[in-house]
Amino acid sequence: MQRNIRLRGVLCLVFSGLFWSSFAGAQYPDALQVFIDQGLKPEASFDAPGGVKGFVGRKDGQAVTLYLLADGEHVIIGEMVDGFGRNLSAEHIRTWLPATDLTEAWAKLENATWVAEGPSDADRIVYAFTDPNCGYCLVLRRKAQEFLQEGIQLRHIMVGIIQPSSLAKSAGVISASDPVSQLDFHETEFPDAWLVSNDNIPGDVRGQILANHKLMQELGASVTPTVFYRDRSGAVQRIDGLPDDSALAESVFRANGAED
């Protein structure tokens, strides 16, 4: 059975020579160099189905797939899907894109602006990028409570990316005299029930939250919550989205022992 390949994305037309002065001596074809100049970091290339050349890379910390057509002058950025509806781009990312290097992530997380739940002398630390309007972040908090009694500390790195009110809510949390109580307050509010103008956020507080946004991108996190923890060997691990119960108990919080 023949399987059709479909490309879903934006067709970008770039004619060779049009930007020759900007891309003279470029390592990549002009059509791809446009995206590189906009911040894309290509990390691998491969032969993709349909006779096109595939590239995987990152833009603002997010995984991106691009496909260079045979003429070398046109690039499609987006998803490649086969006749069965299978997302080939996701497979290309898993196969070809190197994992984000988290070797230095822990020190960066420690230096971020966060709100801590749990004992100050905790044996084990877990970080989570948290948006006050994120329903899954609320679930993570609730599931974490039993572990906080066992020597675990959960540190919320506050961001504001989901709703227009998110930035102001995060500002209210980190600037509160009791930040954890402020998080509790937001659990009882609907996303549009606590709208505060972002113009009222003090500049230093805004800067802290935006720095958290930058760190989130740098570490390749694209959703909230994104959880960072140390495994039994001490290596930093990341889980995008809400971990399931077994991952929380056996890997993330792992309340049965201190950091190895």
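Just so you know, these numbers come straight off a predicted model, no measurement behind them.
- We find that E91 and R86 are joined by a salt bridge, their nearest charged nitrogen and carboxylate oxygen being less than 4.0 Å apart.
- Under the 3.5 Å distance criterion, the side-chain polar atoms of N212 are left unmatched by any main-chain donor or acceptor of V159.
- Y136 and L138 sit in two unconnected hydrophobic clusters of ILVMFWY residues. Membership requires side-chain heavy atoms under 4.5 Å apart, directly or through other members.
- Here the side chain of R124 pairs a donor or acceptor atom with the backbone of R230 at under 3.5 angstrom.
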Exercise for the section: Carefully, step by step, assess V64 and I77 under the rule side-chain contact (heavy atoms from CB on, under 4.5 Å). Expected result: CA-CA 8 Å; V64 179; I77 180 170; 3.6 Å; yes
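- Distance check, rounded to the nearest 0.5 Å: CD of Q182 to OG of S175 gives 7.5 Å.
- Using a 4.5 Å cut-off on side-chain heavy atoms (C-beta onward), F129 and L109 make contact.
- With a 4.5 Å cut-off on side-chain heavy atoms, Y127 and Y229 do not count as touching.
- Contact record, R232 with E250: NH2-O, 4.1 Å, taken as the closest heavy-atom pair.
- Applying the ring pair (Phe, Tyr, Trp, His ring centres under 6.0 Å) test to H213 and every residue at least two apart in sequence or in another chain returns nothing.
- Note: L154 CG to I125 CD1 = 9.5 Å, rounded to the nearest 0.5 Å.
- At a threshold of 4.5 Å between side-chain heavy atoms, the hydrophobic network of Ile, Leu, Val, Met, Phe, Trp and Tyr places M216 and L210 in two separate groups.
- By the criterion of side-chain heavy atoms lying less than 4.5 angstrom apart, applied directly or through intervening Ile, Leu, Val, Met, Phe, Trp or Tyr residues, F228 is not grouped with V223; the two fall into different hydrophobic clusters.
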Exercise for the section: Go through D123 and I152 one step at a time and tell me if the side-chain contact (heavy atoms from CB on, under 4.5 Å) criterion holds. Expected result: CA-CA 6 Å; D123 296 323; I152 309 297; over 6 Å; no
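- The shortest distance between side-chain heavy atoms of P29 and L68 falls below 4.5 Å.
- A distance of 9.5 Å separates OG1 in T226 from CG in L219, rounded to the nearest 0.5 Å.
- Side-chain contact between L183 and M158 is present, with heavy atoms from C-beta onward closer than 4.5 Å.
- For the residue pair S251/D231, the side-chain donor-acceptor check at 3.5 Å is not satisfied.
- K169 places none of its side-chain heavy atoms less than 4.5 Å from the side chain of Q163.
- Within the model, atoms CD1 of I161 and CG of N133 stand 10.5 Å from one another, a figure rounded to the nearest 0.5 Å.
- Two rings, from F253 and F147, have their centers less than 6.0 Å apart.
- Here NE2 of H156 is found 14.0 Å from CD1 of I174. Values are rounded to the nearest 0.5 Å.
- One N or O on the side chain of D131 and one on the backbone of I162 form a donor-acceptor pair closer than 3.5 Å.
- Distance check: T65 OG1 to L88 CG gives 10.0 Å after rounding to the nearest 0.5 Å.
- For the residue pair H92/Y67, the side-chain donor-acceptor check at 3.5 Å is satisfied.
- Under the 4.0 Å criterion applied to side-chain N and carboxylate O atoms, D184 and R141 are assigned as salt-bridge partners.
- Counting heavy atoms from C-beta outward, I76 and L66 have side chains that stay 4.5 Å or more apart.
- Here the rule is salt bridge (Lys or Arg N to Asp or Glu O under 4.0 Å) with E218, and of K41, K108, R58 only K108 fits it.
- Using a 4.0 Å cut-off between charged side-chain N and carboxylate O, D204 and R206 make no salt bridge.
- V227 pairs in a side chain to side chain contact (heavy atoms under 4.5 Å, CB included) with only one of the listed residues (L242, D240, V126), which is V126.
- Looking at P243 and K143, their side chains never come closer than 4.5 Å, going by heavy atoms from C-beta outward.
- Taking the six-membered ring where tryptophan is involved, the planes of F55 and Y28 are perpendicular, since the angle between them exceeds 60° and thus also 30°.
- Side chains of T130 and V115 form no contact here, defined as non-hydrogen atoms less than 4.5 Å apart.
- Residues S89 and G78 come closest through the heavy atom pair OG-O, 3.5 Å.
- Checked by atom type and distance alone, the side chain of Q153 pairs as donor or acceptor with a backbone atom of P119 at under 3.5 Å.
- For T224 (side chain) and C134 (main-chain N/O), no donor-acceptor pair under 3.5 Å exists by modelled atom type.
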